[in-house]
There are 2 protein chains.
Amino acid sequence: MEEKTTRPGPKRSLSAEQIVTTAMDLFDGETPSIRGVAARLGVRPNTLYTYLPDRAALERALVDRLLAEADPDLLLGRRSWRRRIEDYACSLRTVLLRRRGAAALFHSAPMDGPNAMLVGERLLALFTSAGLSPSDASRATYAVIVHVLGSATLTAADLDGHTEEEVVAARQAVQIDPELLPLTAAAWSTTATWNTETQFRWSLHALLDGCAAR
Amino acid sequence: MEEKTTRPGPKRSLSAEQIVTTAMDLFDGETPSIRGVAARLGVRPNTLYTYLPDRAALERALVDRLLAEADPDLLLGRRSWRRRIEDYACSLRTVLLRRRGAAALFHSAPMDGPNAMLVGERLLALFTSAGLSPSDASRATYAVIVHVLGSATLTAADLDGHTEEEVVAARQAVQIDPELLPLTAAAWSTTATWNTETQFRWSLHALLDGCAAR
DNA sequence: GGCAACACTGTACAGTGTGCAATATCGAAC
DNA sequence: GTTCGATATTGCACACTGTACAGTGTTGCC
């Protein structure tokens, strides 16, 4: 194994790790591009193709970094299984909302990185400890992933750089015609808060209730 | 109102409706671009800016068209509130998976079109009929939207042009090391089916259970 | 008929990801 | 120690993308 100990040719000036790290740094402020990362590294764009097959590979690596940044250890500890899931979910939501376009990355490629697998394993453990069968635990795991990523992505689209408060206030100010949409008008004060962590926790809670009842 | 009955200047050769319609046609096969739609209409790309402020406006319009194509009337009728939600949700999922990149459109702009409002109103009615308060009905409505869009987007990323069967088979073939990820390995036969309608219905069912319990 | 508003075009710019051929650099074999 | 082949990096180029700006010609109104 690892027969390629030394190879001819010039030394590599970079590493895949380094590229992904620079992309993460660059991520505060703008969604990273091949050319942007290369510029930051003081290198021509093509150079990156020595380390990555294409842009999708960079995105996959970023996805896995983001999952790790949310701290999968939150899924461990002595708290109840629900608390642990909620804590990691909220942490991941925060991580995804901090960087513009972060949530959207999860939709360009399948999640098969090592951290994705780790998080999956731990979620399975939690649902199993809650009494679910292996099959149901798997389904519940995916349901939670879908909720966190879907929620974060939609909220990221609505925020678009603004703060949560600004968006809620802007939505509050919208006038709904009670003739056309009576129920929407009646519930609008709640609907205006769809992009808040309160809403996030409410729906996650409902989802976990439904999963636990299986 | 509508004081602009007639205006000077040449007749318009197109309409916003027409642009959105050709974009939808073009959508089978490739994700529509300003230049692509213009070419299909036999017109320079800039011409579209007479009718639309920017690409985001086109995407918003497409989102609303997709919501309508899923047939919001499925939310009406005599079936139980759960059946009606499940039927529309599955229909929307199918619509979004039929066109590549359709699901991703929902993440570029807020959903505030007329059909989005209509669907929201009808979901509120269903949850209200299920006994939820206006506030809880609003939260449950968003939870369902998040699930449908999140699930469709993740599945679209995994499918990437392939059929559901192909993806499931490819995932089944993956070998998970039971030493590293015992639970993942044990539940993998189910995990391989995450992108199926069966999984979609399972998690939607769980979510609705949790919402109804409020 | 002149005026002002308007639709549309030509051209252009600043981006994006990425393929290809040339160049420079190294390790290993002779 | 020289040659050879593998390799990293570059310059250049291509095919895209959205969209800004300055014409150019058509039209309704006074």
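What you see below is based on every heavy atom in this structure, not just the backbone, and it leaves out hydrogens, waters and symmetry mates. We name chains A, B, ... by the order of the sequence lines, and we start the count at 1 in each one.
In this structure, B:I19 atom CD1 and D:dG18 atom P are separated by 13 Å, rounded to whole Å. Summarising the geometry, the separation between CD on B:E30 and P on D:dC16 is reported as 11 Å, rounded to the nearest angstrom. Atom CG in A:L14 sits about 10 Å away from atom C1' in D:dT9, given to the nearest Å. Rounded to whole Å, the distance from CZ on A:R55 to C1' on C:dG19 is 18 Å. In this structure, CD1 of A:I34 is placed 10 Å from P of C:dT16, rounded to the nearest angstrom.
Residue A:R12 places at least one side-chain N or O under 4.0 Å from the OP1 or OP2 atom of D:dA8. OP1 or OP2 of D:dG28 has at least one side-chain nitrogen or oxygen of B:K11 nearer than 4.0 Å. Applying the 4.0 Å criterion to OP1 and OP2 of D:dG28, one finds that B:R7 has every side-chain N and O outside that range.
Considering only residues two or more places apart in sequence or on other chains, A:E17 meets the side chain to side chain donor-acceptor pair (under 3.5 Å) condition with A:R65. Judged as a side chain to side chain donor-acceptor pair (under 3.5 Å), and not counting sequence neighbours, the contacts of A:E86 are A:H205. Residues satisfying the side chain to side chain donor-acceptor pair (under 3.5 Å) criterion with A:R100, sequence neighbours excluded, are A:D160. Taking B:D28 as the reference, B:R99 meet the side chain to side chain donor-acceptor pair (under 3.5 Å) condition, with sequence neighbours excluded.
Heavy-atom nearest nucleotides on DNA chain D were determined for B:P53 and for B:P10, and the one closer to the 5' end corresponds to B:P53. Residue-to-nucleotide proximity on DNA chain D shows that, of B:G9 and A:R35, the 5′-proximal contact is made by A:R35.
B:W188 CH2 to B:I176 CD1: the interatomic distance, rounded to the nearest 0.5 Å, is 4.0 Å.
Of the residues in residues 57-66 of chain B, none has a non-hydrogen atom less than 4.0 angstrom from any atom of DNA chain D. Near DNA chain D, defined here as any heavy-atom distance below 4.0 Å, the residues from residues 36-51 of chain B are B:P45, B:N46, B:Y49, listed numerically.
For B:T193 and A:R139, the side-chain atoms include at least one donor-acceptor pair closer than 3.5 Å.
The backbone N or O of A:S151 lies less than 3.5 Å from a partner atom in the side chain of A:T155, making a donor-acceptor pair.
The side chain of B:P8 sits closest to D:dG28 out of D:dT19, D:dG28, C:dT18.
Screening A:T196, A:T163, A:N195 for a side-chain contact (heavy atoms from CB on, under 4.5 Å) with A:V168, the sole residue that qualifies is A:T196.
Checked against a 6.0 Å centroid threshold, the rings of B:H147 and A:H147 do not count as neighbours.
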